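A short write-up of the structure that comes next.
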Amino acid sequence: MAQLWGGRFTKETDKLVYNFNASISFDQKFYKQDIEGSKAHVAMLGRQNILTKEEAEQILEALDGILEDVESGKLAITEEYEDIHSFVEAVLISRIGDAGKKLHTGRSRNDQVALDMRLYTREEIKAADALLQKLLQTILEIMKSHTETIMPGFTHLQKAQPITLAHHMGAYFEMFKRDRQRMSDIYQRMNYCPLGSGALAGTTYPLDREDTAKTLGFYGPMLNSMDGVSDRDYLIEFLSALSVVMMHLSRFSEEVIIWNSNEYGFVEIDDAYSTGSSIMPQKKNPDIAELVRGKTGRVYGALLSLLTTMKGIPLAYNKDMQEDKELTFDAIDTAKGCLALFDGMLATMKFNKDAMRKSASLGFTNATDAADYLVNHGVPFRDAHGVIGRIVLFCVEKGVAIDDMRLEEMKEFSDVFEEDIYDAISMETCVNKRLTVGAPGKEAMESVILEEENYLRKNPVMS
Ligand code: ARG
C-alpha cells in the first residue's frame, strides 16, 4: 500500500478499504496523459517562478524518463499504488528526491484526474470520428456501384416500394454523418482545461492557467474551478453520442442478419467475417453483426450508469466520480471495436443483385405507381387506390404480379389502362421517376452522391 496521504492518520488503512478505494487497475490506462499534464504544470510553475528553473527542468527530465521507461516496459505500473497519480509521483521522488516532492505544488488530484480524463477522452473522440469517416467511405463506395441495383424498400418489414441499394445505403450514410457531427460538437464544448482548479477553489499560487491550457492544446481554461473538478457532462455527451452510433450499427446489423438469411439471400457475408457451427456443417452464421447488435446494450448501460452516478452528487469533487472511468473506457473500446469490425464486414460483403431485384418485383412494390398511372389519366387518387387494391387481390388469388396480367384483364378493373401501363409500372420506371431530392431515382441519387463526396472532402478527420 503506497499512498500520497497519511499525516493526519494514526492507523493503517484497512486492506479491504484500500482495495475498494484504489483505481490504479484501470486509471493506469492514462499514464501518458498524466505525465503530459504534469509536464505542462511543472513547466508553468517554472515560468511563474513558483519553482526554480533548475527544479522545473529536473522534474521535466525525470518525467520524460518515466514515460520512456513505462513505454519500453522497463518500468512496470504496479498495483501497490493507489492510483496512477500516486505511482508517477512516487517514482519521480524515488528518482530525483526532494525536487520531485514539488511536482504537486498548486495542484490537487481532483483537477489532475479531471485533466487526465479529458485529455484521454479528447483523443478517443478523434479516434471515433476517424472510424466513422472510414465507414462512410465504405458506404459511399457501395452507393456509387449500386445506383441501378433494385431492391424492395420496406415499411413494417413488408415490401413497400422499389428502391436501390445505393438509396438504402445512403440512409446509413446520413446517420453516420450526423454521428460525426455530434463528435465534433462535443469536442468543441469539452476542449477547455480544468488544470489549475485545484481541489475545488483554485490556488493561492500565481498559476498561469492560460499557459497550461495552451500548452495542452485546449481552447482555454475552464472558467469555474468547482465546475473544473466536477464536470462530467462531456463524458455523458460522448457516451450518448456513442450510444447513438451503436443504435445505428445495431439497426444496420439487424438488416445484414435478415438479408444474409436463407430466406432473403440479398447478401453473403465474407467467410472471413462469418463463423460456423460446431454441430451443423452447413451453417455460416452472421456472428459479427449479432455481436455488434448485442454489444449495443453495453454502451447504453455505460450511459445510464454515469447519468445515475452523477445525479445526486453535490459540488464539487466526490469519490463517486471515480466510477466514470471503467464504464467510459469499456464503452469507448466496445464502440471502436464494433465500428472497425462492421466496416470490415461491410466492405467485404457480396450483394446478390438478382435476389434483390426478384424480391422487389414479387411483392406488389409497384402498386403505388399503378395507382399513380390511373391518377395521371384523370382518376381521383382514392378511386385509383380502390381499383389497384382489387387488382392486387385478384393477383394474390392467381399467384401473379400486376405486370403478369394481360391488358384485357386489367381493363375489367378500369378501362383507363392502355399498353403503356407495363412501362409505367416496371421496376426501373418506379425507381427512376422518383427524382425529388433524397429519392432513389438514379439522377437524384447521383447528385446526392456528389454532395456526400464533397462532404467527405471538406470534413477530414479531426486532427
Ligand atoms: N482516482 C480518483 C478518481 O478517479 C482520483 C481523484 C482522487 N481525489 C480525491 N479527492 N480522492 O476520481
Side-chain angles (χ1 to χ4, degrees), residues 1-9 11-38 40-41 70 77-93 101 103-124 190 193-203 212 216 222 224-236 238-239 302 305-333:
M1 294 201 275
Q3 48 205 20
L4 295 174
W5 39 272
R8 63 104 66 217
F9 290 78
K11 263 190 188 176
E12 283 270 297
T13 316
D14 180 275
K15 184 84 180 98
L16 284 178
V17 171
Y18 183 83
N19 291 341
F20 190 64
N21 198 43
S23 52
I24 192 147
S25 63
F26 47 88
D27 64 18
Q28 56 180 278
K29 202 164 172 110
F30 49 52
Y31 71 86
K32 208 187 290 175
Q33 288 78 6
D34 194 73
I35 293 172
E36 187 192 353
S38 288
H41 180 63
V70 171
I77 300 174
T78 56
E79 299 202 357
E80 74 197 82
Y81 296 93
E82 181 185 338
D83 52 31
I84 189 65
H85 325 298
S86 320
F87 170 80
V88 173
E89 193 174 321
V91 176
L92 185 71
I93 294 168
K101 294 183 181 166
L103 166 67
H104 213 51
T105 311
R107 189 176 69 168
S108 154
R109 273 186 299 166
N110 297 352
D111 59 346
Q112 189 177 357
V113 76
L115 173 67
D116 293 1
M117 192 65 180
R118 224 168 254 266
L119 287 172
Y120 183 89
T121 312
R122 196 171 69 171
E123 290 314 301
E124 294 298 323
M190 65 82 75
C193 187
L195 189 62
S197 297
L200 76 162
T203 89
T212 41
L216 293 165
M222 292 177 75
N224 182 291
S225 58
M226 303 258 274
D227 185 51
V229 293
S230 67
D231 166 39
R232 299 293 182 274
D233 290 4
Y234 72 102
L235 294 177
I236 291 171
F238 188 32
L239 290 175
S305 292
L306 189 56
L307 277 169
T308 311
T309 297
M310 293 305 296
K311 77 180 263 293
I313 302 185
L315 287 175
Y317 177 83
N318 296 261
K319 190 71 175 219
D320 317 39
M321 291 171 179
Q322 180 168 288
E323 285 297 307
D324 62 357
K325 291 175 197 64
E326 282 164 291
L327 48 95
T328 302
F329 294 154
D330 181 69
I332 291 173
D333 293 344

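All heavy atoms count here, side chains included; hydrogens, waters and symmetry mates do not. Counting convention: from 1, in listed order, for ligands and their atoms alike. Everything quoted here is computed from the prediction, not taken from an experiment.
The distance from the CG atom of Asp320 to the CZ atom of Arg232 is 10.5 Å, given to the nearest 0.5 Å.
The distance from ligand 1 to the heavy atoms of Ser23 drops below 4.0 Å at these ligand atoms: 1 (N).
Using a 4.5 Å cut-off on side-chain heavy atoms (C-beta onward), Asp34 and Tyr31 make no contact. Inter-residue side-chain proximity for His85 and His104 is flagged as unmet; no heavy-atom pair is nearer than 4.5 Å. Between Glu82 and Arg109 the shortest side-chain heavy-atom distance falls below 4.5 Å.
Contact annotation: Met117 has no heavy atom less than 4.0 Å from any atom of ligand 1.
No part of Glu82 comes within 4.0 Å of ligand 1, judged by heavy-atom distances.
The heavy atom nearest to atom 10 (N) of ligand 1, considering only Asn110, Ile84, Asp83, is found in Asn110.
No more than 12 heavy-atom neighbours from other residues, nucleotides or ligands sit within 6.0 angstrom of CD on Glu323.
In this structure, Asp231 pairs ionically with Arg118, as a charged nitrogen and a carboxylate oxygen lie closer than 4.0 Å.
The protein heavy atom nearest to atom 4 (O) of ligand 1 is Lys325 NZ, 2.6 Å. In terms of protein heavy atoms, atom 2 (C) of ligand 1 is closest to Gln322 OE1, 3.3 Å. The nearest heavy-atom contact from the protein to atom 6 (C) of ligand 1 is Tyr317 OH, 3.5 Å.
Polar contact check, His85 against ligand 1: no nitrogen or oxygen pair lies under 3.5 Å apart.
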